[in-house]
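Below is one structure, written out as structure tokens; the observations come after it.
FYI, the numbering just counts along the sequence from 1. In listed order, ligands and their atoms are each counted from 1. Bear in mind the structure is a predicted one, so any value in this text is a computation, not a measurement.
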Amino acid sequence: MKNIAVIGVGYVGLVTGTCFADMGNRVICVDVNEDRIANLRQGILPIYEPGLEEMVRRNVNAGRLFFTTSYQDALNDPEARADMVFVAVGTPEGVDGEADLRYVRAVAETVAEIVDHPVIIVNKSTVPVGTGDWVADIVSHKQPNAVPFSVVSNPEFLREGSAIADFLNPDRIILGSLDRSAAEAIAQLYIPLRAPIMVTDLRTAEMIKYASNAFLATKISFINEIANICEALGADVKEVAVGMGYDKRIGRAFLDAGLGYGGSCFPKDVSALTHMANVQGKHPQMLEAVMQINADQRRSVMLKARELCGDLNGKTIGILGLAFKPNTDDIRDSPGIDLARMFQEQGAAVKAFDPVAMPNTARILKDVKLCADSYETVEGCDVVILATEWNEFKNINLIRVKNLMRLPIFIDGRNLYDPAMMYELGFIYRGLGRGYGKPVANGHKGQAAGATQAWGDWNATANNKGK
Ligand code: NAD
Ligand code: UGA
């Protein structure tokens with residue numbers, strides 16, 4: 001049993017603290033956000049993450065998990081001095097694409113000023129290469145009395161929406177430090193997880209995190225580029241991805257073409273790695289292309305809508321899904337949110353729905369009609385866009401959807417539906433990279449009705465609907 005302090009109770013900190021407590025440690029989580037801590041003390045979580053609420057409650061009740069706004073209580077409780085301090089504060093994108101380290105700096109300064117005993121500072125936030133050394137410098141300079149400490153980099157690889165399972169079943173644990181015994185002490189903590197543990201130096205550990213996220217983002221942009229070529233040539237990217245994935249060297253994961261990557265990590269991390277390279281006078285051309293392709297995917301959906309429906313000014317657009325991916329309430333850099341803004345700029349009225357992310361959306365999106373469910377969202381719409389592949393959209397009543405819409409233009413930003421079925425139901429359907437082929441008499445694939453029908457025809461149909 002270790003005494004652990006976790007700093008920052010966001011997606012990573014709260015999951016990390018709760019899982020360590022569940023593994024039998026005593027964990028105290030500290031955050032500067034007083035509301036978050038007050039709510040957590042009443043069992044109200046600041047984030048939506050499947051399974052987390054129950055796990056927090058169980059560990060609080062067992063007397064292993066605590067929440068505070070006081071660094072003093074978190075670090076120096078005489079009954080339970082923190083042996084290790086996990087830092088899990090945000091590292092958002094700065095103005096030039098760099099990682100903004102202001103929260104990491106604040107934590108380093110506060111820990112240095114307050115901790116009164118030897119401690120291992122473990123960095124779980126995603127930070128630029130060299131940050132571990134920088135943190136060590138800050139701590140040394142800010143300590144009122146020299147107290148021994150070590151810095152370990154322990155990047156986190158969990159995904160939102162499956163965070164607990166990812167944390168407890170990691171593919172690997174990466175530990176970077178110049179102090180081998182500190183890295184080994186942290187390794188002990190992870191031994192129950194039975195994952196490979198790699199000990200390396202600080203900078204290499206920090207780079208492993210960026211390289212991993214950049215590689216996954218590259219896979220997504222790669223398949224999106226293939227999707228665009230598929231679309232032009234009449235191939236189906238979904239099947240292409242399956243066919244590629246059988247090759248063990250390639251793998252099927254992260255080859256889902258669509259609106260591209262969003263969220264609080266890939267966008268800012270690819271950008272931060274690019275910035276690091278540029279500062280060193282390198283030319284990270286592939287990373288630049290990855291970001292460009294990702295931005296283009298979102299724009300391509302808006303262009304598809306315009307192509308099918310003409311001028312978007314005065315049209316009504318429905319967006320299904322506002323979280324950046326299913327099973328989270330996180331809307332940071334979410335394609336659905338971005339599209340809502342893009343359509344508003346074109347003069348369209350936007351309606352939207354998400355099963356979980358509505359409260360977060362209401363805080364940032366103005367003049368978007370937030371609806372109670374999918375059906376209210378699609379009612380009277382000229383175009384509906386599926387932006388997040390929530391399970392509940394998989395079994396939506398598509399006939400009802402079509403009957404509620406003014407024009408049956410459906411753009412499937414996550415390639416959730418079968419194009420042939422959508423055509424049969426009478427939609428003008430577009431996925432991304434689906435080729436739009438459907439079997440014709442001679443056995444070849446040809447243009448589907450949805451692909452060739454002109455906007456004018458559909459507009460006439462819609463205008464005649466009420467007659
Ligand atoms: P978050 O924004 O959800 O949470 C950060 C928390 O830190 C907030 O509650 C904030 O109030 C708190 N905080 C800020 N300054 C503080 C201070 N001085 N003292 C105490 N608390 C403070 O962030 P997140 O999504 O959990 O990400 C944290 C880090 O982990 C980032 O570097 C991110 O890149 C990395 N990461 C995130 C994920 C993910 O899925 N979200 C996965 C792996 C790694
Ligand atoms: C990602 C990584 O998967 C985690 O390993 C990492 O720890 C985390 O970033 C981080 O550093 O914060 P996360 O952003 O939670 O996790 O979610 P992912 O499942 O990776 O999805 C990211 C985005 O890519 C989503 O918008 C998703 O819709 C998109 N995506 C994912 C695709 O467009 N296609 C795919 O094939 C896979």
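Each of the atoms 37 (C), 38 (C), 39 (C) of ligand 1 lies under 4.0 Å from some heavy atom of C265. Close approach of ligand 2 to K209 (heavy-atom distance below 4.0 Å) involves ligand atoms 6 (C), 7 (O), 10 (C), 11 (O). Within the listing of ligand 1, atoms 17 (C), 18 (N), 19 (N), 20 (C) sit less than 4.0 angstrom from a heavy atom of Y71. Close contacts of ligand 2 with Y261, meaning ligand atoms under 4.0 Å from a residue heavy atom, involve 23 (C), 24 (O), 26 (O), 29 (C). Listed by number with element, the atoms of ligand 1 under 4.0 Å from a non-hydrogen atom of V89 are 7 (O), 13 (N), 14 (C), 15 (N), 16 (C), 21 (N), 22 (C), 28 (C), 29 (C), 31 (C), 32 (O). Of all the atoms in ligand 1, the ones that sit under 4.0 Å from a non-hydrogen atom of G90 are 5 (C).
At least one heavy atom of R414 lies less than 4.0 angstrom from ligand 2.
Protein heavy atom in closest approach to atom 41 (N) of ligand 1: E160 OE2, 2.8 Å. For atom 18 (P) of ligand 2, the closest non-hydrogen atom of the protein is K325 NZ, 3.6 Å. Looking from atom 37 (C) of ligand 2 to the surrounding protein, the closest heavy atom is F254 CD2, 3.5 Å. For atom 31 (C) of ligand 1, the closest non-hydrogen atom on the protein side is T91 OG1, 3.5 Å.
R102 has a carboxylate O that lies under 4.0 Å from a charged side-chain N of D100, or vice versa, which qualifies the two as a salt bridge.
Residue contacts with ligand 1: R159 is placed with no nitrogen or oxygen under 3.5 Å of a nitrogen or oxygen of the ligand (distance criterion only). Polar contact with ligand 1: absent for V107 (N/O pair, distance under 3.5 Å).
Contact annotation for V12 and ligand 2: no heavy atom of the residue comes within less than 4.0 Å of the ligand. Both the backbone and the side chain of D256 come within 4.0 Å of ligand 2, counting heavy atoms alone.
Screening residues 2-21 for side chain to side chain donor-acceptor pair (under 3.5 Å) gives Y11-D329 as the qualifying pairs, with residues at least two apart or on separate chains.
Ring pair Y190/F20: centre-to-centre distance below 6.0 Å.
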